[in-house]
Amino acid sequence: MAFDNIRLEKGLYSSAKGFTASLEELDPSENYTGTEYEGLDAYQRQLKRFDIKVSGPSSDSISKFFQTTDSAALFPEYISRAVQQGLDGENLLPKIIATTTNIDSLDYRAIESVPTNEDKELAVVVEGAKIPETVVRTKEKLTKLYKRGRMLVASYEAVKFQKLDLFTVTLRQIGAYIARCQFSDAVLAITDSDVATVEGGGETVTYADLVKVWNELSPYRLTTLIASHDDIADMLNITEFKDSNAGQDFHGTGRMITPLGAEILKFPDLGKGIIVALDNTAALEKVQAGGITTEYDKLIDRQLERAAITATAGFSTIFTDAAKVVTFS
């Protein structure tokens with residue numbers, strides 16, 4: 001097979017396309033249609049080449065990656081994929097972002113649209129009359145990108161005989177940490193923007209408050225509510241939550257249902273007395289400079305010791321009226 005003869009080197013990581021994409025150019029997956037390797041990407045075929053099992057009860061030890069110079073080049077990609085598993089498993093961002101933009105620099109100026117009440121109306125356009133406009137403009141401020149990650153510190157001699165399946169558990173926790181940090185950045189992007197504030201009627205959230213924010217979001221939909229544990233507890237104790245159907249679903253599956261059909265996401269750092277309500281199809285843009293990044297030189301040459309694992313991303317509101325911040329006092 002062609003993948004048996006590919007020389008693996010650090011240069012594949014330095015490409016702007018990333019390791020797997022660069023490897024795919026050398027060994028296209030389409031060439032394996034109808035073979036036993038169909039469904040595997042170029043990296044997974046290299047694991048097969050060196051007989052490295054990264055998961056399951058029969059997974060190999062970390063030292064299996066360092067048997068040859070070529071197989072050692074696969075180790076940083078294993079790290080990145082394991083961290084990505086943790087990020088995906090903990091990631092709440094798909095529930096609140098409308099779109100993701102990939103960039104290859106640290107500077108990015110987002111666009112926004114701030115429609116007036118007249119812009120939102122579906123007015124009849126008579127012959128010869130001016131057609132209503134939707135103005136899209138670039139923001140005055142650059143979108144801030146934050147690097148989130150962890151420093152992986154480990155002696156190769158101490159971990160070389162550890163099973164990869166066990167090591168993956170540790171790496172997934174790094175991914176979960178990055179996911180939580182990015183979610184915090186996303187919520188902060190909403191609360192620190194020009195999103196309008198809706199005053200609650202009392203010290204705690206009521207059903208009338210939810211109806212009010214649902215109404216003020218129009219013509220956008222109320223798809224998501226973000227709140228602290230205490231405020232979520234208050235919402236769950238609203239009388240309208242206690243109907244039999246909602247109670248059965250919550251007790252049976254743990255899924256919380258609001259009377260308005262919005263999904264509730266827990267975010268302890270938001271603090272009590274503040275709830276973020278939004279339409280996840282129009283409110284927020286995620287901007288990321290690549291995916292999970294590992295210091296591949298250190299992971300290959302020094303066999304662990306100390307290497308940074310990071311992800312760089314920022315968030316920006318798109319339609320400011322597609323989100324509201326509800327406060328209680």
Side-chain angles (χ1 to χ4, degrees), residues 8-23 41-44 46-47 52-55 59-66 69 71-94 97 100-106 144-186 286-315:
L8 302 177
E9 56 183 0
K10 291 185 292 185
L12 294 172
Y13 287 98
S14 61
S15 167
K17 300 175 182 178
F19 180 81
T20 299
S22 298
L23 197 57
D41 63 23
Y43 164 75
Q44 292 168 327
Q46 290 300 316
L47 293 180
I52 300 174
K53 302 178 184 65
V54 298
S55 61
S59 63
D60 290 307
S61 64
I62 293 174
S63 61
K64 190 71 173 286
F65 273 107
F66 296 98
T69 303
S71 62
L74 297 172
F75 190 60
E77 181 66 9
Y78 154 73
I79 296 283
S80 295
R81 292 193 178 207
V83 172
Q84 186 66 50
Q85 287 177 21
L87 193 153
D88 292 340
E90 188 76 13
N91 198 6
L92 294 176
L93 287 177
I97 60 173
T100 299
T101 301
N102 291 287
I103 62 173
D104 56 5
S105 69
L106 294 180
K144 292 183 179 180
L145 301 185
Y146 301 93
K147 181 179 287 188
R148 301 296 191 182
R150 290 283 190 183
M151 185 69 70
L152 180 63
V153 182
S155 164
Y156 174 69
E157 294 302 322
V159 301
K160 66 179 180 180
F161 296 121
Q162 293 295 328
K163 294 294 185 180
L164 288 166
D165 200 40
L166 175 61
F167 195 52
T168 298
V169 174
T170 301
L171 297 175
R172 284 202 297 260
Q173 287 305 305
I174 295 177
Y177 161 79
I178 293 174
R180 290 191 292 269
C181 288
Q182 289 187 344
F183 186 77
S184 177
D185 293 336
K286 178 184 179 182
V287 183
Q288 63 182 18
I292 300 297
T293 301
T294 62
E295 291 186 311
Y296 56 86
D297 278 320
K298 294 181 179 180
L299 290 172
I300 296 174
D301 296 339
R302 301 180 187 178
Q303 299 177 353
L304 290 181
E305 290 191 3
R306 191 177 183 88
I309 304 171
T310 60
T312 302
F315 301 87

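The analysis underlying the following values was restricted to heavy atoms, covering all of them including side chains, and did not include hydrogens, waters or symmetry mates.
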- Message: Quick one, N102 with Q288, criterion side-chain contact (heavy atoms from CB on, under 4.5 Å). Give me CA distance, side-chain angles, the key distance, then yes/no.
- Response: CA-CA 5 Å; N102 291 287; Q288 63 182 18; 2.7 Å; yes
- Task: Return each pair, listed once, that meets salt bridge (charged side-chain N to carboxylate O under 4.0 Å, His left out) where at least one residue sits in residues 168-180; pairs must be two or more places apart or across chains.
- Result: E90-R180
- Message: Test your reading of the model: is there a side-chain donor-acceptor pair from Q173 to the backbone of T170, 3.5 Å cut-off?
- Response: no
- Message: For the backbone of R148 and the side chain of Y177, can you confirm whether one donor and one acceptor N or O come within less than 3.5 Å of each other?
- Response: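 Here the side-chain-to-backbone pair does not exist.
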Restricting to non-hydrogen atoms, name the atom on [X] and the atom on [Y] that form the minimum distance, rounded to 0.1 Å.
X: Q182; Y: K286; answer: OE1-NZ, 3.5 Å
X: E295; Y: R306; answer: OE1-O, 4.3 Å
X: L166; Y: Q162; answer: CD2-OE1, 3.3 Å
X: L23; Y: Q46; answer: CD2-CG, 3.8 Å
X: S63; Y: S61; answer: OG-OG, 2.8 Å

Taking salt bridge (charged side-chain N to carboxylate O under 4.0 Å, His left out) as the test, write out the residues that go with [X], two or more places apart.
X: D165; answer: none
X: D88; answer: none
X: K144; answer: none
X: K17; answer: E25

- Query: Excluding sequence neighbours, so at least two apart, what forms ring pair (Phe, Tyr, Trp, His ring centres under 6.0 Å) with F75?
  - Reply: F65, F66, Y78
- Would you mind telling me which of T168, T294, I292, I174 makes a side-chain contact (heavy atoms from CB on, under 4.5 Å) with I79?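 Going through the options one by one, the only one that passes is T294.
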- Flag the pair Y296 / S14 as yes when at least one side-chain heavy-atom distance between them is below 4.5 Å, and no otherwise. yes
- Heavy-atom distance under 4.5 Å between the side chains of P76 and Y13, does that happen here? yes
- Message: So, taking the atom named CD1 in I300 and the one named CG in L74, what distance separates them when rounded to the nearest 0.5 Å?
- Response: 8.5 Å
- Rounded to the nearest 0.5 Å, how far apart are NZ of K53 and CG of L164?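 Going from the NZ atom of K53 to the CG atom of L164 covers 11.0 Å.
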- Task: Would you check if there is a donor-acceptor pair between the side chains of T20 and E77 at a distance under 3.5 Å?
- Result: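 Side chains of E77 and T20: pair found under 3.5 Å.
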